[in-house]
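Computed from a predicted structure; not experimentally measured.
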Amino acid sequence: MPPQGTRRAMLAAAATLAAPAVLRAQAWPSRPIRFIVPYGAGNQADQVARVLADALAEKWGQRLVVENLPGAGGAIGVNAIARAAPDGYSFGLIAIAALAITPHIQKAPYDPLADLTAISGVTVSRGALVIHPGIPATTLAEFVAHARARPATEPLFYASPGIGTIPHLNGELLCRALDFPATHVPYRTAAAGIADLVAGRVHMSLDGATVTLPQVQAGQARALFVTAPQRLPQLPGVPTLAEASPGLSLPSAWQSLHGPRGFPPEIAARIDADTQALLTTTLAARLPQGSDALPMPAAAVARQIRDEHARFGTLVAELGLAAS
């Protein structure tokens, strides 16, 4: 054991080294923050991001400037987060697909396990299978029968907000599990895909309930099931997937906060603590319909992303979607 004087000197040196980080965390944020969302305006993750940005801005007294960077299944925006300066003033909300699915399907310009700093879990999104109201089906079984009976000259199209997203993967899984043909049509944003469904240019979507609910309530789309554990209060007549097709399950979309590699740990810890506190108090009631709070600390987020990256990699290969 070092002498008492030596121990005091070591502790003083450690405190001196830690002081700049403590002061930086106390002074942060001293200017507006760039809050990157790798999806288009109106997407379920975008709606969550804007609610969270408003709540954090109230708490911190600084504006969070939401910047939508959609495209390539979220890869464009995620790459912007990964390449941002690690100064605590740029981070974003990323859906799990861009970290665990997209890199297996297409060559991503970032390493989801090495180029990002996990900060905090935020929400899990509930999906809904919606179809164009002109299709003569009011149940999942009727829709499957209709899809199988369509002539080859009239293919069934399903929309998603991009290759490698959860709606894309879930569409593939649903078609294979229930054995009906459908052709995937990727869009740059969820809103564009839903607009084409309403117009009748595509026939089906398995996107987030937040995105599809307004069209269902307006009679512009028909919901056949939701992926939530229980029926949504806004759609009490729409069954859950477990009710519509017992034994079938589909992956859930969840979102988390991330910064670039080298993000200041003391600032990440503050963002995490403030986000967790909001999610377990006032923020839960402000989330958009179809999104549930997912209070998950940084270490758990990083661990779950590693697990899902491996799991989805196997699934993508089994579905024949892996990049060549």
Side-chain angles (χ1 to χ4, degrees), residues 38-40 43-45 69-82 92-116 118 121 123-129 147 155-190 193 202 204-208 211 227 241 245 247-256 258 294 296 300-324:
Y39 316 98
N43 175 282
Q44 190 147 351
L69 294 174
I76 293 173
V78 174
N79 190 51
I81 296 171
L93 182 78
I94 305 177
I96 184 60
L99 304 175
I101 302 174
T102 300
H104 295 296
I105 293 179
Q106 61 191 43
K107 186 175 181 181
Y110 55 87
D111 183 336
L113 304 181
D115 292 343
L116 297 160
T123 51
V124 58
S125 301
R126 305 307 180 184
L129 174 66
L156 188 78
F157 296 109
Y158 78 91
S160 87
I163 295 172
T165 58
I166 289 286
H168 169 210
L169 193 65
N170 279 345
E172 292 284 339
L173 289 169
L174 187 70
C175 293
R176 291 168 188 251
L178 301 182
D179 190 27
F180 68 92
T183 300
H184 176 226
V185 182
Y187 287 82
R188 188 174 176 83
T189 66
V202 294
M204 155 187 153
S205 173
L206 241 171
D207 216 323
V211 176
T227 59
L241 174 59
S245 184
L248 178 60
S249 64
L250 296 172
S252 294
W254 58 281
Q255 297 85 37
S256 46
H258 297 262
L294 185 68
M296 184 189 300
V301 170
R303 184 169 55 251
Q304 187 156 331
I305 287 172
R306 287 194 300 270
D307 292 346
E308 295 212 2
H309 183 271
R311 179 169 69 93
F312 279 121
T314 300
L315 182 58
V316 164
E318 289 175 355
L319 292 173
L321 302 174
S324 57

*Is it true that the side chains of Tyr158 and Glu172 contain a donor and an acceptor less than 3.5 Å apart?*
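There is such a pair between these side chains.
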If we ignore hydrogens and angles and just use 3.5 Å, is the side chain of [X] paired with the main-chain N or O of [Y] as donor and acceptor?
X: Gln106; Y: Ala72; answer: yes
X: Thr102; Y: Gly73; answer: yes
X: Asn170; Y: Pro251; answer: yes
X: His309; Y: Ile305; answer: no
X: Arg188; Y: Gly40; answer: no
X: Tyr39; Y: Leu93; answer: no

*Below 6.0 angstrom between ring centroids: does that apply to Phe312 and His104?*
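That pair fails the under 6.0 Å test.
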*So do Thr189 and Asn43 actually touch side chain to side chain, heavy atoms under 4.5 Å?*
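No, side chains not in contact.
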*Could you check if a side-chain atom of Pro161 sits within less than 4.5 angstrom of a side-chain atom of Asp207, using non-hydrogen atoms only?*
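They are in contact (side-chain heavy atoms under 4.5 Å apart), so the answer is yes.
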*So which heavy atom on Pro112 is nearest to which on Leu116, and how close?*
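Minimum heavy-atom separation between Pro112 and Leu116: O-CD1, 4.2 Å.
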*Would you name the heavy atoms of Gly193 and Val202 that are closest together and state the gap between them?*
O-CG2, 3.9 Å
*Once you round to the nearest 0.5 Å, how far does CD1 of Ile96 lie from OG of Ser252?*
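So the CD1 of Ile96 and the OG of Ser252 are separated by 11.5 Å.
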